[in-house]
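What follows is a set of notes on a single structure, which appears directly below.
Proteins get letters first, then strands, A, B, ... in listed order; numbering begins at 1 in each. Everything numeric here is computed off the predicted structure, so don't read it as measured data.
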Amino acid sequence: MAKEKLNFEDAQIRSNYRHTTSHILAEAVKNIWPDAKLAIGPSIENGFYYDFDMEHKLSDQDLLKIMKEMKKITQANHKLERFELPREEAIKFMADRNEDYKVELINDLPEGEIISFYQQGDFVDLCAGPHMDSTGQIKAFKLMSVAGAYWRGDEHNKMLQRIYGTSFPTQEELDAYIAKLEEAKKRDHRKIGKEMDLFAIFEEGPGFPFFMPKGMVIRNELENFWREEHKKRGYDEIKTPLILNEQLWKTSGHWDHYKDNMYFTKIDDQDYAIKPMNCPGSMLAYKRKMYSYRDFPMRMGELGQVHRHELSGALHGLMRVRTFTQDDAHIFMLPEQITDEIIGVVNFIDDVYKMFGFKYHIELSTRPDDSMGTDEEWNMAESALKTAIEQVGAEYVVNEGDGAFYGPKLDFHLEDSIGRTWQCGTIQLDMQMPQRFDLTYIGSDNEKHRPIMIHRVIFGSIERFIGILTEHFAGKFPLWLAPVQVKLLTVAETFSDYAKEVAEKCEEAGLRVELDIRNEKIGYKLREARNERVSYIGIIGEREVEAKALSVRSSKVGELGELSVDDFVAKLVEEIKTKAL
RNA sequence: GCUUCCGUGGCUCAGUUGGUAGAGCAGUGCAUUCGUAACGCACAGGUCGUCGGUUCAAUCCCGUCCGGAAGCUCCA
């Protein structure tokens, strides 16, 4: 092949490159442990993996060994050659090599499918391709980790050993990628959360986070913001209990569909459940009285704390917990109001995410196999979501069959600093709850009718959203959210009185200010304040006292020089008011 | 829950090829009044996640449980 430069921007080429690397990995493993059985080894988002079934337990030491072997294979520069076999021969070919998993894969290929193999040196793998031309084209690679993975992703199957790795056309690009991972690690909300003393999780309650004073500031600011925005948009707020009797959950259907994730308790010998979702409570709230069609649309919001028994292995800082607060809302409406209401929510979510500078994408999930309800209902609901999103002009991808059993949904996925996406916002049309709880309203015809209902969240979970914000801003929160907006540092104790005056002015203006008048060197105090990621550090010494000013340093922009106290306060107040990023 | 790895003072970590642990930061006291990322000295602080086993002896070996990390599965 000619020595033209590889276009690594091209997803297909990138995938081929990494897929070929995974074959080299497989060959290396087979060279070292001939009894290893091959499962599958695709390219993935940022690299590739290969699954093996083998006696030897792989360790990090082994990864180095395997990489050496891979190096040999790339240096040997074997050609990758494709060939095809008829089904029977293909099965025999793999069976002769004891590749049970490959045989299973071939057996599952649809009738008439071409069965192709790729060979490099003595190594052959069942593979649809395509691939690079030769192993020598793989210039820079690294094996990242070993992990368990179920055969075919099914937890009832055998656990295989999966090796993750990545590869790039040059060592520089590989190094850059690894540097990026390290940067992401530095932003890990669990690390920053500890450093800034935002929250803590103890052994006594895995998955049950504590919010410490500084984390509470962020949380309260978010909730205040949430309340303001909902008030503007015509929502009412309610609060429903954490514990309600078991019958409610049978009525709602959660008993059948969600029981394994719920916590239970007994009160006076009666069975109760701790809510994993807010909807059933809201249904009771709705049913407390009669409604007219004139009452709609009716928007009921709730910052509802839910508890769910998540698998211990799934817990992850604030991102995945066992209790969290959903910024929930249920909207009850007439059929002809659906499109407008959904547009309202889509715009609402867009407004909020933009405020934080988030990129996001929308997914529309349609009717799953085990759904409830009629075709008419589903068609109506799906087209309502589609119409709304198209009228707004937003892009979206469709997830066929990925909706909830009670209705289709729009999911909003935020992208965090590492490029991971988190589902936060969601809009779900629910066609089951209103029926199960027999919700009604009186129409203009003086007859009872069934209202349409949607559930929706914007942050998704306050806890997770704080985790995402922490990583997104690397702890340098926008001023309106920052736990400490101003920290005043004195150069020496003689300036304490003036510093206190300045602090008082800040407080009067509503700023969250801390004062460091300790008898320490300025460099020491400054270092501490910077580590705390304080938004603005004001330094006060002789010059500042005389000028009625302070020397200001911003965590985002750096040195701002000397500002008068009034200008400084006014600047910050404005920044908070506009919720500037 | 499963696979692999991990669990030493508040934090970050060192250490013991088995004979009851050490540093820096933080804390306290003293000294310093010193202009932009860590002044110095001293003191105090852990029985090495839990329970059990092996051993004359375990923090270091084995097992159990609890917790954590990565991945799988699941999901806000």
* Roughly, in whole Å, what's the span from CD1 in Ile522(A) to C1' in rC34(B)? -> 10 Å
* To do: Using a 4.0 Å heavy-atom cut-off across all strands, classify Lys525(A) as base, sugar-phosphate, or nothing.
  => nothing
* Do the side-chain N and O atoms of His413(A) and Glu415(A) include a donor-acceptor pair separated by under 3.5 angstrom? -> no
* Asked: Ion pair present between Arg187(A) and Glu183(A), side-chain N to carboxylate O less than 4.0 angstrom?
  -> yes
* Rounded to the nearest angstrom, tell me the gap between atom CG in Leu311(A) and atom C1' in rU73(B). => 7 Å
* Contact class for Glu532(A) vs. all strands (heavy atom < 4.0 Å): base, sugar-phosphate, or nothing? -> nothing
* Counting only N and O atoms by type, is there a donor-acceptor contact under 3.5 Å from the side chain of Arg512(A) to the main-chain atoms of Val484(A)? -> no
* To do: Could you tell me whether Glu493(A) contacts a base, only the sugar-phosphate backbone, or nothing, with contacts defined as non-hydrogen atoms closer than 4.0 Å?
  => base
* Asked: Taking atom P in both rA42(B) and rA57(B), what distance in whole Å separates the two?
  -> 40 Å
* Check: rC75(B) base within 3.5 Å donor-acceptor of Arg308(A) side chain -> no
* Of all the nucleotides listed (rU33(B), rG71(B), rC74(B)), which has the minimum atom distance to the side chain of Glu310(A)? -> rC74(B)
* **Flag, side chain of Arg18(A) to backbone of Ser167(A), donor-acceptor distance under 3.5 Å** => yes
* Any salt bridge between Glu382(A) and Arg367(A), counting N to O under 4.0 Å? -> no
* Please determine if Glu69(A) and Lys65(A) form a salt bridge, counting it only when a charged side-chain N lies under 4.0 Å from a carboxylate O. => no
* P atom, rG18(B) versus rC61(B): distance in rounded Å? -> 8 Å
* Structure fact -> Considering only heavy side-chain atoms of Lys194(A), the closest of rG27(B), rC75(B), rC11(B) is rC11(B)
* Please measure how far the P atom in rC62(B) lies from the corresponding atom in rA37(B), and state the result in whole Å. => 49 Å
* To do: Assign Glu195(A) to base, sugar-phosphate, or nothing according to its heavy-atom contacts below 4.0 angstrom with the strands shown.
  => nothing
* Asked: Expressed as a whole number of Å, how far does the C1' atom of rC60(B) sit from that of rG19(B)?
  -> 11 Å
* Whole-Å C1' distance, rU8(B) and rC56(B) -> 26 Å
* Could you walk me through whether Phe412(A) and Thr426(A) pass the side-chain contact (heavy atoms from CB on, under 4.5 Å) test, one step at a time? => CA-CA 6 Å; Phe412(A) 294 70; Thr426(A) 162; 5.7 Å; no
* Asked: Expressed in whole Å, how much space separates the C1' atoms belonging to rG29(B) and rG63(B)?
  -> 47 Å
* To do: Give the nucleotide from the list rA76(B), rA37(B), rA70(B) with an atom nearest to the side chain of Arg530(A).
  => rA37(B)
* To do: Have a look at Glu463(A) and say if it touches a base, only the backbone sugar-phosphate, or nothing, with a 4.0 Å heavy-atom cut-off.
  => nothing
* To do: Using a heavy-atom cut-off of under 4.0 Å over every strand shown, decide if Gly148(A) touches base, sugar-phosphate, or nothing.
  => base
* Asked: So, is Tyr150(A) close to the rC74(B) phosphate, meaning a side-chain N or O under 4.0 Å from OP1 or OP2?
  -> no
* Rounded distance in Å between the C1' positions of rA58(B) and rU50(B) -> 15 Å
* Could you tell me whether Gln161(A) contacts a base, only the sugar-phosphate backbone, or nothing, with contacts defined as non-hydrogen atoms closer than 4.0 Å? => nothing
* For each nucleotide in nucleotides 43-48 of chain B, reading 5' to 3', give B when a protein heavy atom comes within less than 4.0 Å of its base, S when such contact involves only the sugar-phosphate, and - otherwise. => ------
* **Integer angstrom distance from the C1' of rC51(B) to that of rC30(B)** => 45 Å
* So, Phe324(A) and rA76(B): ring centres less than 5.5 Å apart, planes less than 30° off, yes or no? -> yes
* Tell me whether the centres of the aromatic rings in Phe459(A) and Trp422(A) are closer together than 6.0 Å. => no
